[in-house]
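A quick write-up on the structure given underneath.
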Amino acid sequence: MMKKVVIGLIVILLVILGGVFYIGSQAGSIIQKGVVKYGPEVTQTPIALEGVDVSFLAGTAGLSGLVVGNPPGFKSDHAFKVGSVNVAMDVMSVTSDIIHIKEVRIDGADLIYELGSKGNNISKLQKNVQDYMAKFGSSDESAKSFVIDDIYITGTKVQLATDLLGGKGTGLTLPDIHLEDIGKEGDGASGAEVMNKVLGAVNSGLGKIITKDVIKDKLEDVGSKLKGLIK
């Protein structure tokens, strides 16, 4: 009798472990589908993500080839591009209503700040996110919520462009960003809320380096190029 009980417990344990490892193996595809399906709905721009590599045992995920496109009316190649994003997370939480992310590190991203007749592309991105939040509410019941302990955005290279020529100016570096305790109050933060916080911090950082003198120099450069085309 005791032997049968032990065998039964072992079978149950194996089934549980099998389920756990199955969830872990599917976490990457769940994350990728969420980014490329939900992201564009919020930003109203194309978003591409080449792949997601999840280590179940280490509790980490690596996102590769993330590209956020521009809103309509802007001509530069993209708004934001990064080769890899490193994430430390509770992998099992991917299948729950609230995903717990311990740390996000984005290093060495490429950001193009494009000036146009209707403003700039990064502010427009944030405006699109805010419009989505106003339309659907701060919490979208059909999507996951997030609790994020820390987000670090470091070494972001910024290029200044204009919608006249789509040219890229001298590279600048965005001040490092650290956001913490996102979604810890209440039932987590929606994806739109997370994007809004990140874009708000990015726009704040851009305001420190995209000065009037920098814009003036860029416009003068555009003027010189236009004169060259007319000759």
Side-chain angles (χ1 to χ4, degrees), residues 9-43 45 47-68 80 82-109 125-126 129-130 132-133 135-154 176-202:
L9 290 174
I10 292 174
V11 170
I12 292 172
L13 180 60
L14 289 174
V15 170
I16 292 174
L17 288 175
V20 167
F21 280 104
Y22 175 78
I23 291 171
S25 67
Q26 297 300 306
S29 61
I30 293 172
I31 294 170
Q32 186 166 10
K33 288 179 181 178
V35 171
V36 299
K37 180 180 178 181
Y38 179 70
E41 294 178 5
V42 178
T43 63
T45 67
I47 295 180
L49 179 62
E50 289 183 1
V52 180
D53 182 21
V54 175
S55 172
F56 174 74
L57 294 178
T60 60
L63 284 65
S64 59
L66 176 63
V67 181
V68 179
F80 182 87
V82 61
S84 62
V85 178
N86 296 314
V87 181
M89 62 187 299
D90 177 359
V91 177
M92 291 301 295
S93 70
V94 170
T95 59
S96 66
D97 292 335
I98 300 177
I99 298 175
H100 178 212
I101 297 176
K102 300 173 183 178
E103 182 180 282
V104 178
R105 286 192 176 271
I106 304 172
D107 184 59
L125 265 177
Q126 187 176 13
V129 173
Q130 291 171 342
Y132 180 92
M133 291 169 61
K135 183 177 181 180
F136 295 103
S138 60
S139 181
D140 183 355
E141 294 181 358
S142 65
K144 300 283 187 178
S145 294
F146 300 87
V147 171
I148 306 176
D149 299 342
D150 294 282
I151 298 178
Y152 297 94
I153 304 175
T154 58
D176 290 347
I177 293 170
H178 177 209
L179 301 173
E180 56 186 339
D181 298 334
I182 297 175
K184 285 199 171 181
E185 295 182 2
D187 297 324
S190 68
E193 288 177 308
V194 175
M195 290 184 197
N196 187 47
K197 286 182 180 294
V198 169
L199 287 170
V202 168

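Taking 4.5 Å as the limit, every side-chain heavy atom of Ile182 sits out of range of all side-chain heavy atoms of Phe146. Using a 4.5 Å cut-off on side-chain heavy atoms (C-beta onward), Ile151 and Ile177 make no contact.
Of the inter-residue distances, the one linking Lys37 atom NZ with Ile47 atom CD1 reads 14.0 Å to the nearest 0.5 angstrom. Taking CD1 of Ile101 as the start and CD1 of Ile148 as the end, the distance is 4.5 Å to the nearest 0.5 Å. How far OG of Ser64 is from CG of Leu49: 6.5 Å, rounded to the nearest 0.5 Å.
Residues satisfying the side chain to side chain donor-acceptor pair (under 3.5 Å) criterion with Glu103, sequence neighbours excluded, are Arg105. Residues satisfying the side chain to side chain donor-acceptor pair (under 3.5 Å) criterion with Asp150, sequence neighbours excluded, are His178. Every residue two or more places apart in sequence or in another chain that forms a side-chain contact (heavy atoms from CB on, under 4.5 Å) with Ser93 is listed here: Asp90, Ser96, Ile99, His100. Annotation: side-chain contact (heavy atoms from CB on, under 4.5 Å) contacts of Ala109 (sequence neighbours excluded): Phe80, Val82, Ile106, Thr156. Taking Asp107 as the reference, Thr154 meet the side chain to side chain donor-acceptor pair (under 3.5 Å) condition, with sequence neighbours excluded. Judged as a salt bridge (Lys or Arg N to Asp or Glu O under 4.0 Å), and not counting sequence neighbours, the contacts of Lys184 are Asp149, Asp181.
Glu193 and Gly188 make their closest contact through OE1-O, 4.2 Å (heavy atoms, listed as atom of the first residue, atom of the second, distance). Nearest heavy atoms, Ala192 versus Val42: CB-CG1, 3.9 Å. Summarising the geometry of Val104 relative to Val85, their closest heavy-atom pair is CG1-CG1, 3.8 Å, with the distance given to 0.1 Å. Considering every non-hydrogen atom in both Gly39 and Met195, the closest pair reads CA-CE, 3.8 Å. When every heavy atom of Leu63 is checked against every heavy atom of Val52, the shortest pair comes out as CG-CG2, 4.1 Å.
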- Give the intermediate values and the outcome of side-chain contact (heavy atoms from CB on, under 4.5 Å) for residues Lys135 and Tyr132. CA-CA 5 Å; Lys135 183 177 181 180; Tyr132 180 92; 5.8 Å; no

